[in-house]
Participant: 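Below is the structure I would like to discuss, written out as structure tokens.
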Amino acid sequence: MKLEGIIQDQLNCLLEIKTDDGYTIESVHYRTTLCVSSQVGCSVRCAFCASGLNGLIRNLSSQEIINQYEIAKDQGFEITNIAFAGIGEPLLNFENVKQAFDCFKSIGLKVSFYTTGFPIKYFKELLHLNHDGLTLSLHSVLEEKRKSLIPNSHSIEELIQIFENHLKTLSSRKRKLYSIGYLLIYGENDSDEELEALANISKRLNIGVSLLKYNEIESLPFKTTPDEEYEKAFLKLKSHGVRTTLSNRYRTRKIGGCGTLMVNRLVGV
């Protein structure tokens with residue numbers, strides 16, 4: 001693998017990295033965190049996400065995942081945290097992800113995960129890793145709506161039950177490492193009904209919600225929630241007693257991720 005280019009704004013750096021077989025994947029650096037990709041493409045096929053537009057091309061090897069860190073480090077970026085939040089669903093490449101995870105932890109890095117919980121077999125395993133944060137990306141709490149947004153997914157109740165059983169075994173300190181990820185998409189999953197249902201799930205699990213703001217993608221029909229509506233959704237969750245965090249300024253940038261990372265096919269394809 002080699003560095004192909006860096007796109008930078010005032011806050012984020014997007015690293016374009018070419019694999020030995022000619023694909024270009026993307027990693028994002030902000031503050032001291034590097035978001036790494038685990039696959040070339042993705043088969044979860046979230047309707048709002050650019051990363052899976054061409055489906056899954058292949059898994060990255062554990063060394064290719066580690067190489068993203070090594071390339072960024074060689075460029076002088078300070079990195080103390082790794083987030084499996086780039087291209088791909090880490091659970092669909094779990095053995096290689098675990099090997100990379102062990103390597104990152106062995107050199108003193110903090111490692112967090114963002115996952116849709118698919119497939120559920122590996123979701124159960126992931127919960128028990130010695131990670132430094134895990135966000136379950138729901139993006140809808142209505143079964144049919146979530147299936148339309150995330151075609152390859154398990155039932156919400158099945159995921160929540162597994163999550164709940166695990167959280168019950170944790171101390172309050174450990175529980176703070178877990179959250180629900182909810183990407184607010186204008187007119188799709190922002191109704192009062194959904195937000196109230198999301199609040200109920202959050203209170204049932206006794207964990208917070210990371211309320212993310214959607215970054216528009218030119219080829220997709222989904223829209224960013226206006227700032228005033230985003231604030232209203234935040235206040236509604238807070239009014240239900242839900243610990244809620246908003247997208248930080250790094251994640252709301254066009255090169256900040258949140259479904260905007262792309263995979264380029266082989267040159268000439």
Side-chain angles (χ1 to χ4, degrees), residues 7 9 12 14 16 23-28 35 37-57 85-90 92 114-118 135-156 159 180-198 201 209-237 244-265 269:
I7 301 172
D9 63 16
N12 297 344
L14 185 148
E16 297 179 314
Y23 294 103
T24 299
I25 58 169
E26 297 177 347
S27 306
V28 175
C35 296
S37 296
S38 56
Q39 296 180 299
V40 183
C42 184
S43 60
V44 176
R45 303 299 290 269
C46 296
F48 49 81
C49 181
S51 301
L53 288 175
N54 294 316
L56 176 66
I57 299 171
I87 298 166
E89 165 54 68
L92 286 167
Y114 292 75
T115 177
T116 63
F118 180 85
T135 298
L136 175 60
S137 301
L138 286 182
H139 306 325
S140 177
V141 290
L142 304 180
E143 202 67 64
E144 286 189 19
K145 175 60 67 65
R146 187 170 194 262
K147 204 69 177 175
S148 71
L149 292 175
I150 311 176
N152 290 328
S153 57
H154 297 290
S155 78
I156 295 168
L159 283 171
I180 295 169
Y182 199 88
L183 188 64
L184 202 66
I185 306 172
Y186 189 52
E188 289 289 330
N189 61 356
D190 54 356
S191 68
D192 286 345
E193 177 191 12
E194 283 221 61
L195 292 173
E196 287 178 11
L198 174 61
I201 287 176
V209 171
S210 179
L211 190 66
L212 306 173
K213 192 171 186 181
Y214 181 65
N215 291 323
E216 288 184 17
I217 297 161
E218 191 173 325
S219 60
L220 298 177
F222 303 100
K223 298 298 180 184
T224 298
T225 300
D227 288 344
E228 61 273 17
E229 295 298 322
Y230 186 47
E231 184 178 356
K232 280 171 61 177
F234 167 75
L235 292 174
K236 186 171 189 62
L237 292 175
T244 310
T245 57
L246 298 174
S247 285
N248 61 41
R249 56 187 181 144
Y250 302 95
R251 293 182 66 90
T252 55
R253 317 293 287 190
K254 284 296 184 184
I255 63 172
C258 280
T260 61
L261 301 187
M262 297 288 289
V263 175
N264 296 320
R265 288 185 175 273
V269 174

Participant: At what distance, to the nearest 0.5 angstrom, does CD1 of Ile180 lie from OG1 of Thr135?
Facilitator: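 One finds 10.0 Å between CD1 of Ile180 and OG1 of Thr135.
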Participant: Could you check whether Ser38 and Glu89, counting side-chain N and O atoms only, form a donor-acceptor pair closer than 3.5 Å?
Facilitator: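 No, because no side-chain N or O of Glu89 sits under 3.5 Å from a partner of the opposite role on Ser38.
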Participant: Say whether, by atom type as modelled, one donor and one acceptor occur between the side chain of Arg45 and the main chain of Gly52 under 3.5 angstrom.
Facilitator: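 A pair under 3.5 Å: yes.
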Participant: Where do Ala47 and Phe222 come nearest, in terms of heavy atoms and distance?
Facilitator: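 Closest approach of Ala47 to Phe222: O-CE1, 3.2 Å.
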Participant: Looking at every non-hydrogen atom in both residues, tell me the closest pair between Ala85 and Tyr114 and how far apart they are.
Facilitator: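 Closest approach of Ala85 to Tyr114: CB-CD1, 3.5 Å.
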Participant: Look at the rings of His139 and Phe48 and say which category their plane angle falls in: under 30° parallel, 30 to 60° tilted, over 60° perpendicular.
Facilitator: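 Rings of His139 and Phe48: perpendicular, as their planes differ by over 60°.
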Participant: State which residues pass side chain to side chain contact (heavy atoms under 4.5 Å, CB included) with Leu56; sequence neighbours excluded, sorted by chain then number.
Facilitator: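 Partners of Leu56 under the side chain to side chain contact (heavy atoms under 4.5 Å, CB included) test: Gln39, Ser43, Asn59.
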Participant: Please say which of Lys145, Arg146, Glu194 ends up in a side chain to side chain donor-acceptor pair (under 3.5 Å) with Ser140.
Facilitator: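 Only one option passes, and that is Glu194.
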Participant: Side chains of Leu220 and Tyr214, heavy atoms from C-beta outward: is any pair under 4.5 Å?
Facilitator: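 Contact flag for Leu220/Tyr214 side chains = yes.
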Participant: Could you tell me the separation between the CD1 atom of Ile150 and the OG atom of Ser137, rounded to the nearest 0.5 Å?
Facilitator: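 Separation between the atoms: 7.0 Å.
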Participant: Pair Leu246, Tyr230 - check side chain to side chain contact (heavy atoms under 4.5 Å, CB included), show working.
Facilitator: CA-CA 9 Å; Leu246 298 174; Tyr230 186 47; 3.6 Å; yes
Participant: SG/Cys49 to CG/Leu149 distance, rounded to the nearest 0.5 angstrom?
Facilitator: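 The SG atom of Cys49 sits 12.0 Å away from the CG atom of Leu149.
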Participant: How close do Ile217 and Ala50 get, heavy atom to heavy atom, and via which atoms?
Facilitator: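 Looking at all heavy atoms of both residues, the closest pair is CD1-N, 3.6 Å.
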Participant: What is the minimum heavy-atom distance between Thr225 and Ile185, and which atoms define it?
Facilitator: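 Closest heavy-atom pair between Thr225 and Ile185: OG1-C, 3.7 Å.
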Participant: Look only at the side chain of Ser51 and the backbone of Ile87, and say whether a donor-acceptor pair between them is shorter than 3.5 Å.
Facilitator: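 No: the side chain of Ser51 does not pair with the backbone of Ile87.
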Participant: Return the CD to NZ distance between Glu229 and Lys236, rounded to the nearest 0.5 Å.
Facilitator: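 Nearest 0.5 Å value for the CD-NZ distance: 12.0 Å.
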Participant: Looking only at non-hydrogen atoms, find the nearest pair between Leu195 and Asp190 and report the distance.
Facilitator: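 Minimum heavy-atom separation between Leu195 and Asp190: CD1-O, 3.8 Å.
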Participant: Flag the pair Glu144 and Lys147 as a salt bridge only when some basic side-chain nitrogen lies within less than 4.0 angstrom of an acidic carboxylate oxygen.
Facilitator: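 Here Glu144 does not pair with Lys147 in a salt bridge, since their nearest N and O are not under 4.0 Å apart.
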Participant: Does the salt bridge (charged side-chain N to carboxylate O under 4.0 Å, His left out) test come out yes or no for Lys223 and Glu188, once each step is laid out?
Facilitator: CA-CA 9 Å; Lys223 298 298 180 184; Glu188 289 289 330; over 6 Å; no
Participant: Is there a side chain to side chain contact (heavy atoms under 4.5 Å, CB included) between Leu184 and Leu212 once you walk through the steps?
Facilitator: CA-CA 6 Å; Leu184 202 66; Leu212 306 173; over 6 Å; no
Participant: Atom CG in Leu159, atom CG in Leu138: separation rounded to 0.5 Å?
Facilitator: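 Going from CG on Leu159 over to CG on Leu138, the span is 7.0 Å.
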Participant: Nearest heavy-atom pair of Pro151 and Val44: which atoms, and what distance?
Facilitator: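 Shortest heavy-atom contact: CD-O, 3.7 Å.
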Participant: Please round to the nearest 0.5 Å and tell me the distance separating atom CZ of Phe234 and atom OG1 of Thr244.
Facilitator: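 It comes to 6.0 Å.
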